[in-house]
Amino acid sequence: MKKSLLLIAAAALALNVVPAFAKKQLVIVVKGLDNPFFEAINQGCQKWNSENANSEYECFYTGPASTSDEAGEAQIVQDMLGKSDTVAMAISPSNAKLIAQTLKTASPTIPIMTLDADLAAEDSALRKTYLGTDNYLMGFKIGEYIKKAKPDGGKICLIEGNPGADNILRRAQGTRDALTGEKGAKELKGQGGWTEVAGCPVFTNDDGAKGVQAMTDILAANPDLDAFAIEGGWPLFGAPQPYRDLVRPLKDRIASNDFVISAADTIGDEVAIAGEGLVTALVGQRPFEMGYKAPSVMIDLIEGKTVEDPVFTGLDECTKDTVSTCIQK
């Protein structure tokens, strides 16, 4: 019996045939493996694998080592599309234009979807659907918390991530629209009483320490600053202690709404930081749910089933008073 199995395996290798036990890969490509947000997506992916151990499909999670490596992500997308066992792909584009060009060049025949971050509207035909946060709504809610705290406006700085990331740009637009009561302002110059200070928005390339340093520099240059809108949680979950050290002197001002910090995400230390009164509000995504749902959506696309576009995963909102109940269980 053992000899027969060996002969079959040898014959398969000789014919360059993939063994029958190799699973078809449902590939998730994220912006970077150094970000706990994306690790939550990975955990969702792995839960799907554990619950579908007998499936012919397997969720495979990958990405560049750093979220700042846009070219690395594009190369991984290209490489994975070249593998015969890749049967569908979900991509979180760090640079939407670069990933779009990569897809145009590769002309994949398998279903492509986006996850967490989308392609630009003009490139949406390159993917079947988007699964993740309604990023415009998320940014709008970030802005609403700031406007509620300081209805007469003030001076503000937006902290953003990668300048080429479509999801962050949509959040920033939502924030500006919420603050102004208008649509489409690319910069706040007094609309709704709000003005963006010089040097803002700041792009941190999803680096927590860089985000905290940017906030430090902006505060030093603008002692009359009224608010930060942080469109991703990088300073809070990526550099939680430096963030605490920076913001702790502002705690009383935050409590009285004299100073406002409204930020994205509810991962890592963020909820604890909210409980400590060091942020006005958090508007959180559900990355675990994204990773858990993505394989099933990819299978539906493979099987030609109708899939909605977009597929939103919802938001969680946390303040100091709601930290014990604000996260979806």
Side-chain angles (χ1 to χ4, degrees), residues 27-42 44-45 61-64 66-77 80 88-103 111-140 142 158-175 201 203-207 211 230-234 237-238 263-267 283-294 297-298 309-315:
V27 177
I28 294 177
V29 183
V30 298
K31 298 176 184 178
L33 305 182
D34 58 342
N35 188 320
F37 179 90
F38 295 118
E39 177 53 29
I41 289 179
N42 182 34
C45 167
Y61 170 85
T62 186
S66 170
T67 51
S68 63
D69 188 2
E70 299 174 1
E73 183 187 29
Q75 185 63 55
I76 288 171
V77 168
M80 295 306 297
M89 184 178 291
I91 309 168
S92 174
S94 179
N95 184 316
K97 289 295 185 183
L98 178 58
I99 294 299
Q101 186 56 53
T102 301
L103 292 173
I112 302 295
M113 60 181 286
T114 48
L115 178 77
D116 164 59
D118 204 358
L119 298 175
E122 60 267 28
D123 294 318
S124 61
L126 295 170
R127 90 297 186 267
K128 299 294 186 182
T129 189
Y130 162 76
L131 169 64
T133 301
D134 182 337
N135 285 291
Y136 177 85
L137 177 62
M138 183 182 191
F140 196 90
I142 288 171
L158 274 64
I159 305 295
E160 302 184 34
N162 188 308
D166 181 77
N167 59 335
I168 302 302
L169 298 177
R170 292 190 191 206
R171 291 179 204 170
Q173 191 60 64
T175 296
F203 293 97
T204 67
N205 288 320
D206 298 5
D207 185 304
I230 306 177
E231 305 296 349
W234 320 288
F237 67 66
D265 298 325
T266 51
I267 59 177
V283 182
Q285 307 175 80
R286 296 172 182 169
F288 180 89
E289 186 178 346
M290 295 177 201
Y292 181 68
K293 283 188 172 181
V297 174
M298 283 189 271
D309 179 24
V311 180
F312 289 138
T313 48
L315 297 167

Quiz prompt | Asp265 vs Met138, side-chain contact (heavy atoms from CB on, under 4.5 Å): CA-CA, chis, key distance, verdict | solution = CA-CA 10 Å; Asp265 298 325; Met138 183 182 191; 3.9 Å; yes
Quiz prompt | Heavy-atom check, side chain of Leu103 versus side chain of Ile91, under 4.5 Å | solution = yes
Quiz item: Is there a donor-acceptor pair closer than 3.5 Å between any side-chain N or O of Asp34 and the backbone N or O of Thr67?
Solution: yes
Exercise. Kindly assign one of parallel, tilted or perpendicular to the pair Phe140 and Tyr136, based on the angle between their ring planes and the thresholds 30° and 60°.
Key: tilted
Quiz prompt | Check: Thr204 side chain, Glu160 main-chain N or O, donor-acceptor pair, under 3.5 Å | solution = yes
Quiz item: Is there a side-chain contact between Arg127 and Leu115, using heavy atoms and a 4.5 Å cut-off?
Solution: no
Practice problem: Write down the atom of Arg170, the atom of Leu119, and the distance for their closest heavy-atom approach. | Solution: NH2-O, 3.5 Å
Quiz prompt | Donor-acceptor pair, side chain of Arg171 and main chain of Glu231, under 3.5 angstrom | solution = yes
Quiz item: How many angstroms lie between CE in Met290 and OG1 in Thr313, if you round to the nearest 0.5 Å?
Solution: 4.0 Å
Self-check item: Heavy-atom closest contact (Asn95 atom, Glu73 atom, distance)
Solution: N-OE1, 4.4 Å
Practice problem: For Gly32 and Phe38, work out which heavy atoms get closest and say how close. | Solution: O-CD1, 3.4 Å
Quiz item: Do the side chain of Thr62 and the main chain of Val29 share a donor and acceptor less than 3.5 angstrom apart?
Solution: no
Quiz item: Where is the tightest heavy-atom contact between Lys31 and Asp116, given as atom of each residue plus distance?
Solution: CE-OD2, 4.0 Å
Quiz item: Any side-chain donor-acceptor pair under 3.5 Å between Tyr130 and Asn135?
Solution: yes
Quiz item: Roughly how far, to the nearest 0.5 Å, is the SG atom of Cys45 from the NZ atom of Lys293?
Solution: 15.5 Å
Quiz item: Going by distance alone, is a donor N or O of one side chain under 3.5 Å from an acceptor N or O of the other, for Thr133 and Gln285?
Solution: yes
Practice problem: To the nearest 0.5 angstrom, please state how far the CG atom of Asn35 sits from the CG atom of Asn42. | Solution: 12.5 Å
Quiz item: Rounded to the nearest 0.5 Å, how far apart are CZ of Arg286 and CZ of Phe312?
Solution: 13.0 Å
Practice problem: For Val30 and Pro64, work out which heavy atoms get closest and say how close. | Solution: O-CD, 3.3 Å
Practice problem: Looking only at non-hydrogen atoms, find the nearest pair between Asn205 and Pro163 and report the distance. | Solution: OD1-CD, 3.8 Å
Quiz item: If you measure from CD1 on Ile76 to OG1 on Thr102, what distance do you get to the nearest 0.5 Å?
Solution: 11.5 Å
Practice problem: Kindly indicate, with the supporting measurements, whether the criterion side-chain contact (heavy atoms from CB on, under 4.5 Å) is fulfilled by Asp166 and Thr114. | Solution: CA-CA 11 Å; Asp166 181 77; Thr114 48; over 6 Å; no
Exercise. Working to the nearest 0.5 Å, report the span between CG of Asp118 and CG of Leu131.
Key: 10.5 Å
